[in-house]
Amino acid sequence: MENNIFRFRKTRDFGDLLSDTFKFLRENAKNFFSINLKVCAPFLVALILTNAYYTYMTIGTGFEGYTNLTGFLIPALINMLALFVYITALYLSVFNYIKSYIANDGIVSEEDVKRGLKNDLGSGMALNLVVAISIFIAFLFLVLPSIYLGVVFTLALPILVFEQKSLGDTISSCFQLIKDNWWMTFGLLIVFGIIMYVINVVFQLPLIIYMLVNMISGFDAGVTTVAENMRSKDPILIILSVLSSIAQYVLYIITPLFISLLYFHLHEEKNFTGTFESIDKLGSDRE
């Protein structure tokens, strides 16, 4: 059993960080998805409902609808808030899942994940809010500082969960951990982002195909028909839009898994935690 346990605390090269993310998913997909999505179910349901509301209010409104306060801005803000809470909760849930996996040698307690999410949610949301404001302020001055901070703060939530530090210490640790590894981390995030984009496009193909068919048939019938199609609240289009969004929300679960491997890689390079753990286990086994 010991040999089948996935090791998080170890250094990995560029390719391993990407491949091991999907290796863990292959080996633990059922338990990983079921526990995390069950724990985050209230946040996911709230997000799906707000997304359905936003989609219904905006589809078929035409360009003038985007300047309408009740027709676009309010539904968009509600949906953005629900997305912010869901992503924060999902990331914290995944990190607490991994924390339980490591602590219990591959056996994850759902209660541990729930308890961890409950304990970390308030500080996690506060941390993400500070991070978002910091990146936004940096963006107002120059684009490059915002990109730099965006990469650095990728490590904020895993540090918060795995090291249980305060908000200020967590932010400070982000800069310490990524020191001398910023470009490698940036490259990894770019490559991983491209992979996730391709996967997302695959799940959105039904919506893309349906929209293209509607557009082509509309052009065949004339410009007036195209305009009418754009203004109509097509129920099939609304359903496909919501379903593609749900698929995207579920796929978000892969990102914190990848970030956790990146965190442990950087942490191991600087602190050798996993190496010391392996030595301790080897010593206890011989006893």
Side-chain angles (χ1 to χ4, degrees), residues 6-29 32-33 36-37 83-84 86-88 90-95 97-98 101-102 127-128 131-132 134-136 138-139 142-162 170-171 173-205 207-208 244-271 273-274:
F6 185 90
R7 281 191 63 198
F8 280 93
R9 289 195 174 111
K10 72 173 193 176
T11 56
R12 291 175 166 88
D13 60 27
F14 195 99
D16 286 341
L17 281 163
L18 294 166
S19 62
D20 280 2
T21 300
F22 296 98
K23 178 185 176 184
F24 180 84
L25 279 178
R26 286 196 307 270
E27 296 174 352
N28 303 273
F32 180 73
F33 277 94
N36 284 297
L37 292 179
L83 182 62
F84 172 79
Y86 169 71
I87 288 180
T88 303
L90 183 65
Y91 277 44
L92 293 172
S93 177
V94 171
F95 295 141
Y97 177 97
I98 294 168
Y101 183 98
I102 294 169
L127 178 60
N128 268 354
V131 165
S134 301
I135 293 173
F136 177 72
F139 181 78
L142 284 171
V143 175
L144 290 179
S146 66
I147 295 174
Y148 174 77
L149 288 178
V151 174
V152 171
F153 288 143
T154 300
L155 304 170
L157 284 182
I159 290 172
L160 180 74
V161 172
F162 295 124
T170 296
I171 291 175
S173 295
C174 288
F175 290 93
Q176 293 171 11
L177 199 58
I178 209 167
K179 186 179 178 182
D180 301 324
N181 286 289
W182 189 91
W183 282 107
M184 184 272 290
T185 304
F186 176 70
L188 274 165
L189 291 173
I190 292 292
V191 174
F192 180 77
I194 293 171
I195 292 171
M196 291 307 301
Y197 175 78
V198 172
I199 294 173
N200 272 311
V201 168
V202 171
F203 280 91
Q204 291 184 28
L205 276 177
L207 174 63
I208 294 169
S244 66
S245 295
I246 293 172
Q248 187 177 19
Y249 299 153
V250 172
L251 287 172
Y252 284 151
I253 200 172
I254 301 175
T255 303
L257 174 59
F258 167 73
I259 290 173
S260 69
L261 292 180
L262 178 59
Y263 161 80
F264 283 116
H265 163 74
L266 296 174
H267 194 275
E268 182 66 15
E269 275 200 338
K270 286 183 166 53
N271 302 297
T273 311

Before giving the answer on side-chain contact (heavy atoms from CB on, under 4.5 Å), spell out for I254 and F258 the whole-Å C-alpha distance, their side-chain angles and the decisive distance to 0.1 Å.
CA-CA 6 Å; I254 301 175; F258 167 73; 5.5 Å; no
Residues I259 and T154: closest non-hydrogen pair is CG2-O, 3.5 Å
What is the minimum heavy-atom distance between W182 and I147, and which atoms define it?
CZ2-O, 4.0 Å
Between F153 and F175, what is the ring plane arrangement, given parallel below 30°, perpendicular above 60°, and tilted in between?
perpendicular
Is any side-chain heavy atom of I87 less than 4.5 Å from a side-chain heavy atom of Y249?
no
Is it true that, when you exclude F22 itself, more than 12 heavy atoms of the residues, nucleotides or ligands shown sit nearer than 6.0 Å to its CZ?
yes
Would you check if L127 and I171 make a side-chain contact, meaning some heavy-atom pair closer than 4.5 Å?
yes
Within a strict 4.5 Å, meaning less than it, do heavy atoms of the F32 and L257 side chains meet?
yes
When every non-hydrogen atom of L17 is compared with those of L261, the smallest separation belongs to CD2-O, 3.5 Å
Between L149 and F139, is there a side-chain heavy-atom distance shorter than 4.5 Å?
no
Looking at every non-hydrogen atom in both residues, tell me the closest pair between I135 and G150 and how far apart they are.
CD1-CA, 3.7 Å
Kindly check if the number of other-residue, nucleotide or ligand heavy atoms within 6.0 Å of CZ (F192) is above 12?
yes
Could you check whether the rings of F8 and Y101 sit parallel, tilted or perpendicular, using 30° and 60° as the cut-offs?
perpendicular
Output for pair (H265 NE2, N181 CG), nearest 0.5 Å, gives 6.0 Å
If you take all heavy atoms of K179 and K270, which pair is closest and at what distance?
O-NZ, 3.1 Å
